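The structure under discussion appears below in the form of structure tokens.
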Amino acid sequence: MTENAHSLPEIHLTDTLGGKKVPLRTLEPGKVGIYCCGPTVYDMSHIGHARAALAPDVMTRFLRQQGYAVKYVRNITDIDDKIIARSLEEDRPATEVSEQYTAEYQRDLDSLGMIEPDVQPKVSDHMTEIVNLVQALVDKGLAYAAGGDVYYRVRQFGPYGELSGRSVEEMIESAGSRIEVDERKESPLDFALWKAAKSGEPSWESPWGNGRPGWHIECSAMSSTHLGQTFDIHGGGRDLIFPHHENEIAQSQGAHGIDTFAKYWVHNGFINIGGEKMAKSLGNFWTIRDILDLYTGEAVRYFLMTVHYRHGLNFEVEVLCPACRAVMGTAQQNALRCKACGHETDAATLRSSVRFPGLEEGDDRVAYVYATLEGARALAGDTDPEGEVTEAVGGMLDAFVEALRNDINTPAALGVLSKPLSEVNGLLASGKGVAKDVRRRTAARFVRDMATAAGVLGCFGEDPAAYLAARCELKAARIGLDVAKVEDLLAERTAARESKDWAEADRLRDVLADLGVAVKDGPDGSVWTL
RNA sequence: GGCGGCAUAGCCAAGAGGCUAAGGCGACGGUCUGCAAAACCGUUAUCCCCGGUUCGAGUCCGGGUGCCGCCUCCA
């Protein structure tokens, strides 16, 4: 294992600036500052937002586990065109809109087991800093006022385009081909730092008259306020690379006269649905709330972690025929008719007939881990985890950590857990060939090390029995299961089994299977699971 | 049009030039079981195409092809 100067383990991150995987060398030994672009709070968040929040969440958890003191900052953008638009639409103050959706966002992230950032700055609380920053840019000749607006003079900033790999000249050539260029701008690439107030909109005083900040300046102001002019890691969705982050660099480096704003840029990929990016504007999104009505927060987290944060993640959605359960394609959905069985249905019914194969797999996997954990706990008792244990479990934590050191590779880290998991299940089932004390110690070690992994993943940290019970309840509701009926059928079946009426027992098992219930016959009787 | 990214088994998905290309799902075979289920064991890939660099390439370079994203709000 290589170590850096202050003897913390070597961690690599892929830096968007340069596009390469590079060793993390923090500004101050043992300390990391992370700034992550949070949401604009004008509506409910969708699972793409969940993913964007998860990436820095896991990064922070992991860096802390590795011994770093992390200051994690995630902002809330509470001043924005869309918030204003919404407030006008709903005829209520913009602050009411932003406060409502801030609360909703926090509730969603809480359900997803996200850690709280150390600071969650809001734009509206940083107006002084923003105005000062704009002023600094004007003073340096990097910005100019024009009729109550203030624009950034992009041509004056040499490194412009480095992050996104664009050249200023090329951008100028193609500018205007897509949108009309504002005539008050000196150059089409110049962007607004400050916008003059329009009637009916919230505004703040400034040297250029009443107005409000442009889109990018708030992140420059808030990051320097809470992390300093130069800090370690800046994150956000890929779509923010240009222009948002490019502009942040121009603003911050320009205003402060420095050549490094963020040392490392990390960007997460999108959630795709049907091969397209999930986005508000495309209308193809599922809100976090929609999904959390159906699956546990941990199942969602697990699902999001099965793909590396930089890559696209397919959010599979299947619509099943309410009658025959066949998968219905888009054409069939539009026709409201199942091709397989001819069943005719309606839109509302269809909407409730969706299933999410990826999420389902994650849900099952999390349940499997908890079931293993439950057994391991029982076997371990209060056995000391130190000493000889079986191979896979013994190497689990090191391998897990190693995977994450490589650019927070969660899919690899989750993969590392597989062998130990089956090893422990093997020990629980028979344990033949393994000494009893080794079995117990292995179980104890597994429980202990999984707790460490759980702290990093934000998964598998609950009490197993409680989790499984809650998950079962949620799943029963999801598939519309009548639990009392299941209990009755199971009792009937138990009676049949006791009288060795296998045909009847098997028939009842099939009935239960059709309801989505799996029956397990054990030495202590039969139990059902979902 | 410019820029960026991706292309690995039936599906999903790791692979920071070099041991026999992780792992999951599915499928198949087996152990267990009254039969099952669960669990466990086993089987299931030479990496989009062409050329190059190298002793050695899924991994680097060049050229294709195909997807996706950004260039306007966007996680």
Side-chain angles (χ1 to χ4, degrees), chain A residues 10 12 14 16 19-23 36-40 45-55 80-82 85 161 163-167 169-171 173-175 177-180 189 215 235-244 246 267-272 275-282 306-308 310-314 316 357-358 360-362 364-365 368 371-372 375 399 403 405-407 409-419 421-430 432 497 500 502-503 505-506 509-510 512-513 517-523 526-529:
Chain A
E10 187 97 306
H12 285 76
T14 301
T16 304
K20 291 212 164 77
K21 207 175 277 186
V22 292
C36 165
C37 286
T40 301
S45 299
H46 60 66
I47 52 179
H49 299 105
R51 190 177 195 207
L54 183 67
D80 172 88
D81 289 352
K82 289 193 290 290
L163 182 69
S164 55
R166 286 154 214 252
S167 98
E169 295 314 315
E170 282 169 3
M171 280 190 280
E173 274 173 38
S174 64
S177 60
R178 289 171 63 107
I179 53 158
E180 238 175 273
L189 292 191
W215 172 32
R238 288 193 92 80
D239 48 355
L240 297 180
I241 294 171
F242 190 89
H244 187 56
E246 196 72 74
H267 290 103
N268 65 273
F270 303 123
I271 289 193
N272 300 123
E276 268 186 321
K277 169 187 173 183
M278 179 183 290
K280 278 274 159 63
S281 54
L282 295 173
T306 56
V307 175
H308 186 85
R310 292 183 61 84
H311 299 161
L313 193 176
N314 298 316
E316 299 168 277
E360 213 117 292
E361 200 178 309
D364 288 345
R365 193 70 184 160
Y368 165 79
T372 308
R405 281 189 188 133
N406 182 16
D407 200 16
N409 194 332
T410 53
L414 293 174
V416 156
L417 304 180
S418 289
K419 273 230 167 54
L421 244 0
S422 35
E423 191 172 87
V424 168
N425 273 309
L427 292 180
L428 292 172
S430 80
K432 62 182 175 195
R497 289 187 80 231
K500 299 221 186 298
W502 305 125
D506 291 350
R509 185 169 59 201
D510 288 344
L512 285 160
V517 175
V519 179
K520 298 180 197 174
D521 300 325
S526 302
V527 293
W528 63 275
T529 55

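Only a predicted model underlies this, so the values are computations on that prediction, with no experimental measurement involved. Every chain is numbered from 1 and lettered A, B, ... according to where its sequence line falls, protein lines coming before strand lines.
The NE2 atom of H46(A) sits 12 Å away from the C1' atom of rC73(B) (whole-angstrom rounding). Spacing between atom CD of E246(A) and atom P of rC71(B) amounts to 13 Å, rounded to whole angstrom units. To the nearest angstrom, P of rA75(B) lies 12 Å from CD1 of I271(A). Atom C1' of nucleotide rC70(B) and atom CG of L282(A) are separated by 13 Å, given to the nearest angstrom. Computed from coordinates, the H244(A) NE2 to rG4(B) P distance equals 22 Å when rounded to whole Å. Residue R365(A) contributes atom CZ, which lies 5 Å from atom P of rC25(B) at whole-angstrom precision. Here rC71(B) presents its P atom at 14 Å from CG of L163(A), a figure rounded to the nearest Å. Rounded to an integer number of Å, the gap from CD of E170(A) to C1' of rG4(B) is 13 Å.
Closest approach of P411(A) and T306(A) over heavy atoms only: CB-O, 3.4 Å. Nearest heavy-atom pair across V307(A) and G312(A) is CG1-O, 3.5 Å. Among all heavy-atom pairs drawn from N409(A) and H308(A), the shortest one is CA-ND1, 3.8 Å. The shortest non-hydrogen separation linking P23(A) to E10(A) is CB-OE2, 3.7 Å.
One distance of note links SG of C36(A) with CG of L240(A); it measures 9.0 Å at 0.5 Å rounding.
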Query raised in the report: With the sugar-phosphate defined as primed atoms, P, OP1 and OP2, and the base as all remaining atoms, what B/S/- string results for nucleotides 31-39 of chain B, 5' to 3', for protein heavy atoms under 4.0 Å?
Result: ---BBBBSS
Report task. Take nucleotides 13-18 of chain B nucleotide by nucleotide from the 5' end and write B, S or -, depending on whether a protein heavy atom sits under 4.0 Å from the base, only from the sugar-phosphate, or from neither. Result -> SSSB--
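When the P atom is used for both rA27(B) and rA37(B), the distance is 11 Å, rounded to whole Å. Separation of the C1' atoms belonging to rG10(B) and rG64(B) is 28 Å when rounded to the nearest angstrom. Going from the C1' atom of rA22(B) to that of rA13(B) covers 10 Å, rounded to whole Å. As rounded to the nearest Å, rU53(B) and rA45(B) have P atoms that lie 32 Å from one another. Of the P atoms belonging to rG23(B) and rG30(B), the separation is 23 Å, rounded to the nearest Å. With C1' as the reference atom, rC28(B) and rG66(B) are 33 Å apart, rounded to whole Å. Going from the C1' atom of rG26(B) to that of rU65(B) covers 30 Å, rounded to whole Å. With both ends at atom C1', the span from rG63(B) to rG56(B) equals 23 Å, rounded to whole Å.
Residue L240(A) is classed as a sugar-phosphate contact, given heavy-atom separations below 4.0 Å to backbone atoms only. At a threshold of 4.0 angstrom between heavy atoms, the contacts of K20(A) with the nucleic acid are absent. Within 4.0 Å (heavy atoms only), K500(A) reaches no atom of the nucleic acid at all. Backbone-only contact: G165(A) has heavy atoms under 4.0 Å from sugar-phosphate atoms and none from a base.
Shown here are the salt bridge (Lys or Arg N to Asp or Glu O under 4.0 Å) partners of D239(A), two or more places apart in sequence or in another chain: K277(A). Under the side chain to side chain contact (heavy atoms under 4.5 Å, CB included) criterion, D81(A) pairs with K195(A), R212(A), not counting sequence neighbours. Partners of E423(A) according to the salt bridge (Lys or Arg N to Asp or Glu O under 4.0 Å) rule, which considers only residues two or more places apart in sequence or in another chain, do not exist here. Residues meeting the salt bridge (Lys or Arg N to Asp or Glu O under 4.0 Å) test with R497(A), sequence neighbours left out: D521(A). With sequence neighbours excluded, the residues that form a side chain to side chain donor-acceptor pair (under 3.5 Å) with T16(A) are H267(A). When the side chain to side chain donor-acceptor pair (under 3.5 Å) test is applied to T529(A), no partner is found at least two apart in sequence or on another chain. For H244(A), the ring pair (Phe, Tyr, Trp, His ring centres under 6.0 Å) partners are W215(A), H216(A), not counting sequence neighbours.
A 4.5 Å side-chain heavy-atom check between F270(A) and R238(A) finds at least one atom pair inside the cut-off. Counting heavy atoms from C-beta outward, L421(A) and Y368(A) have side chains that approach closer than 4.5 Å. Contact of the L414(A) side chain with the R365(A) side chain is not registered, since no non-hydrogen atoms from C-beta on lie closer than 4.5 Å. Between E361(A) and D364(A), the closest side-chain pair of non-hydrogen atoms is not below 4.5 Å.
Residue whose closest nucleotide on RNA chain B sits further toward the 5' end, between A413(A) and E423(A): A413(A). Comparing P243(A) and A52(A) along RNA chain B, the residue whose closest nucleotide (by nearest heavy atom) sits nearer the 5' end is P243(A).
Not a single donor-acceptor pair, N or O on each side, falls under 3.5 Å between the base of rC70(B) and the side chain of R238(A).
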Table of protein N/O atoms under 3.5 Å from nucleotides 42-45 of chain B N/O atoms:
none

Close N/O contacts between protein and nucleotides 62-68 of chain B (under 3.5 Å):
none

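In RNA chain B, runs of at least 3 consecutive Watson-Crick or G-U pairs, each pair with both distances below 3.5 Å, span B:1-7 with B:65-71, B:10-12 with B:23-25, B:26-31 with B:39-44, B:48-52 with B:60-64.
A donor-acceptor pair under 3.5 Å is formed between the side chain of D80(A) and the backbone N or O of K82(A).
The environment of NZ in K280(A) is crowded: more than 12 heavy-atom neighbours from other residues, nucleotides or ligands sit within 6.0 Å.
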